[in-house]
Amino acid sequence: MLVRVQGVLTPDEVARCRAVLDGAGWIDGKATAGEVAALAKNNLQVPEGSAESRELGDVILRALGRNPVFNAAALPLRVLPPLFNRYDVGMSFAAHVDGAVRAIPGAGMRLRADVSTTLFLTDPADYDGGELVIEDSYGAHAVKLPAGDMIVYPTTSLHRVEPITRGSRWSSFFWTQSMVKDDGQRALLYDMDLAIIETRRSLPDDSRAVVSLTNCYHNLLRRWAEL
Ligand code: NI
């Protein structure tokens, strides 16, 4: 399931991110890639744990906390600190898979990556190429969103970033361990959540239909959630 989340960051927050990233010390993105992914990866990243990365990571985590769409789609249990990358002209990231298990920095814990997120920080008018292409059972989906919007997709998907032919594409990306690890189950819960919201537009919240559907939602979540 691919879910676009609009307006995650306000224009002021996007501007703040860009200002801080402008002064950040970018390094070769191979630093955080596994052996296989490093062959495919040609981009720049802000070092993990740097002051810039921590400050902006907090801005993004706060924004996620107030975002009902992200919470409904990802059903987050834990979110890794957001990272930041950049693709200048000629840079790309060929088809690869993200690692299944990642260390949580400083916490002595690991996280199973179920859900990947890319938050766009550059206006699409400012660069050419650079689409995030995500493969699933329905084919390949090219994603390029306005600054402040993000795409949420299953970490099980092969994905790539097309070469940049003009400008520079900046974004944040991060992994989430979901309470529900299976993408198909998460998709069902998300569809049901949307159906309940739609039903509540035409029926009162205490109607039997709304109460029963909500009960089904919670009973499915109870059955599938791992905490
Ligand atoms: Ni990736």
Side-chain angles (χ1 to χ4, degrees), residues 1-21 53 55-87 93 98 113-136 138-157 159-162 164 167-180 183-184 186-202 217:
M1 172 178 69
L2 270 61
V3 177
R4 174 181 173 180
V5 192
Q6 290 177 273
V8 177
L9 295 185
T10 65
D12 281 352
E13 287 169 331
V14 171
R16 174 70 189 154
C17 287
R18 292 192 56 90
V20 171
L21 291 174
S53 175
E55 179 194 333
L56 300 183
D58 286 346
V59 170
I60 292 168
L61 292 175
R62 269 200 303 278
L64 293 182
R66 67 181 185 234
N67 191 289
V69 180
F70 172 74
N71 284 288
L75 297 168
L77 178 62
R78 297 185 189 96
V79 181
L80 272 180
L83 299 171
F84 298 85
N85 65 15
R86 163 178 170 173
Y87 295 81
F93 198 162
D98 294 345
D114 298 316
V115 176
S116 297
T117 303
T118 294
L119 169 60
F120 290 78
L121 295 172
T122 305
D123 194 275
D126 292 340
Y127 64 100
D128 290 330
E131 294 84 0
L132 170 65
V133 179
I134 302 162
E135 297 178 21
D136 68 11
Y138 296 102
H141 308 274
V143 181
K144 185 190 271 197
L145 299 178
D149 285 12
M150 66 187 195
I151 188 82
V152 174
Y153 61 100
T155 310
T156 47
S157 320
H159 55 281
R160 66 179 186 270
V161 175
E162 298 285 39
I164 297 281
S168 180
R169 168 203 194 267
W170 299 4
S171 62
S172 175
F173 62 102
F174 51 89
W175 293 280
T176 300
Q177 179 167 340
S178 177
M179 293 186 283
V180 176
D183 177 59
R186 274 198 314 276
L188 270 175
L189 287 166
Y190 183 65
D191 284 348
M192 197 166 186
D193 199 346
L194 296 182
I196 291 170
I197 291 168
E198 195 57 39
T199 307
R200 289 173 63 199
R201 288 190 219 278
S202 48
Y217 176 89

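Going from atom CG of Leu145 over to atom CG of Leu119 covers 9.5 Å, rounded to the nearest 0.5 Å. In this structure, the separation between CG on Asp114 and CZ on Arg78 is 11.0 Å, given to the nearest 0.5 Å. The line from CH2 of Trp170 to CZ of Phe120 is 15.5 Å long, rounded to the nearest 0.5 Å. Rounded to the nearest 0.5 Å, atoms CG (Leu56) and CG (Leu61) are 11.0 Å apart.
Under a 4.0 Å N-O distance rule, the pair Arg16/Glu55 qualifies as a salt bridge. Using a 4.0 Å cut-off between charged side-chain N and carboxylate O, Arg160 and Glu162 make a salt bridge.
Across Asp183, Val115, Leu132, a single residue satisfies side-chain contact (heavy atoms from CB on, under 4.5 Å) together with Tyr153, and that is Leu132.
Of the possible donor and acceptor atoms, one in the side chain of Lys144 sits under 3.5 Å from a partner among the backbone N and O of Gly129. Without hydrogens or angle criteria, Asp123 side chain to Ala147 main chain gives no donor-acceptor distance under 3.5 Å. Here the side chain of Ser178 pairs a donor or acceptor atom with the backbone of Val180 at under 3.5 angstrom. In terms of modelled atom types and a separation under 3.5 Å, the side chain of Thr176 and the main chain of Pro76 share no donor-acceptor contact.
Closest approach of Leu80 and Phe174 over heavy atoms only: O-CB, 3.8 Å. The minimum heavy-atom distance linking Tyr138 with Asp136 is given by the pair N-OD1, 2.8 Å. Summarising the geometry of Asn71 relative to Gly65, their closest heavy-atom pair is ND2-O, 4.0 Å, with the distance given to 0.1 Å. Here the shortest heavy-atom pairing between Leu121 and Ser172 reads CD1-N, 3.9 Å. Minimum heavy-atom separation, Phe84 to Gly57: CZ-N, 3.9 Å. What you find for Pro146 and Arg4 is that their closest heavy atoms are CD-NH2, 3.5 Å.
Between the side chains of Trp175 and Asp98, at least one donor-acceptor pair of N or O atoms lies under 3.5 Å. With no hydrogens or angles considered, a side-chain donor-acceptor pair links Arg18 and Thr122 at under 3.5 Å. Judged purely by distance below 3.5 Å, without hydrogens or angles, the side chains of Thr155 and Ser116 pair a donor atom with an acceptor atom. A donor and an acceptor atom, one from each side chain of Asn85 and Ser171, are located under 3.5 Å apart.
Shown here are the side chain to side chain contact (heavy atoms under 4.5 Å, CB included) partners of Thr156, two or more places apart in sequence or in another chain: Pro154.
Using a 4.5 Å heavy-atom threshold, the side chains of Ile151 and Val3 count as separate.
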Could you walk me through whether Ile134 and Leu2 satisfy the side-chain contact (heavy atoms from CB on, under 4.5 Å) test, starting with their C-alpha distance in whole Å, then the side-chain angles of each, then the deciding distance to 0.1 Å, before giving a yes or no? CA-CA 9 Å; Ile134 302 162; Leu2 270 61; 4.1 Å; yes
Met150 and Leu9: side-chain contact (heavy atoms from CB on, under 4.5 Å), yes or no, with the steps? CA-CA 9 Å; Met150 66 187 195; Leu9 295 185; over 6 Å; no
Step by step, would you call His159 with Val133 a side-chain contact (heavy atoms from CB on, under 4.5 Å)? CA-CA 5 Å; His159 55 281; Val133 179; over 6 Å; no
